[in-house]
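Please read the structure below before turning to the comments.
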Amino acid sequence: MLKMPSQARCDRVPPTDGVWGPVDLRVLQEDDLPLDPRSWCRADVGIWVSRRGGLPERFPMNGKALCLMSKDMFAARVPKGGEALHQDFRRRLAKALALQELLEKLQAK
């Protein structure tokens with residue numbers, strides 16, 4: 001069975017004249033937190049942790065410090081759900097890194 005593309009995907013179909021307009025990067029954001037978790041301040045980390053069932057006081061750090069944490073470190077701070085929290089953080093980080101790489105390639109042209 002064929003899957004139909006999502007609405008967001010259809011919005012970026014190449015234009016008939018071959019010229020792309022500006023891309024609004026806000027469509028990539030999942031919530032009101034900055035797209036790149038490396039730029040999160042302590043308050044952003046606290047909001048993110050609490051929205052996922054963790055205790056913000058167990059993560060008194062910014063996004064750069066989260067980058068240094070292993071899956072086991074997340075699990076030690078959030079015994080039930082630490083792995084999922086780690087996975088969400090790594091997914092967001094990978095998305096931000098891929099976007100950064102794409103933008104750098106586009107600027108080099």
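Small disclaimer: the values here were computed from a predicted structure and weren't measured.
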Quick one about Gln100 and Glu104 (side-chain donor to acceptor, distance below 3.5 Å, no hydrogens or angles considered), yes or no?
yes
How many angstroms lie between atom CG of Asp44 and atom OG of Ser39, to the nearest 0.5 angstrom?
7.0 Å
Flag the pair Leu93 / Cys67 as yes when at least one side-chain heavy-atom distance between them is below 4.5 Å, and no otherwise.
yes
Given the rule in the side chain to side chain contact (heavy atoms under 4.5 Å, CB included) test, do Trp40 and Ile47 qualify, once you have shown the distances and angles that lead to the verdict?
CA-CA 10 Å; Trp40 290 354; Ile47 291 167; over 6 Å; no
How are the rings of Phe59 and Phe74 set to each other: parallel, tilted or perpendicular (split at 30° and 60°)?
tilted
Donor-acceptor pair, side chain of Asp88 and main chain of Leu85, under 3.5 angstrom:
no
Would you name the heavy atoms of Ala96 and Leu35 that are closest together and state the gap between them?
CB-O, 4.0 Å
Test item: Arg38 side-chain N/O and Gly63 main-chain N/O as donor-acceptor pair under 3.5 Å
no
Pick from Arg90, Arg92, Arg91: which one makes a side chain to side chain contact (heavy atoms under 4.5 Å, CB included) with Pro37?
Arg92
Sub-4.5 Å side-chain heavy-atom contact between Met69 and Met61
yes
Does a side-chain heavy-atom distance below 4.5 Å link Leu33 with Arg51?
yes
Is the shortest heavy-atom distance from the side chain of Ser50 to the side chain of Leu55 under 4.5 Å?
no
Would Lys64 and Asp36 pass as an ion pair if we require N to O under 4.0 Å?
no
Given 3.5 Å as the limit, does a donor-acceptor pair link the side chain of Arg42 with the main chain of Pro60, or not?
yes
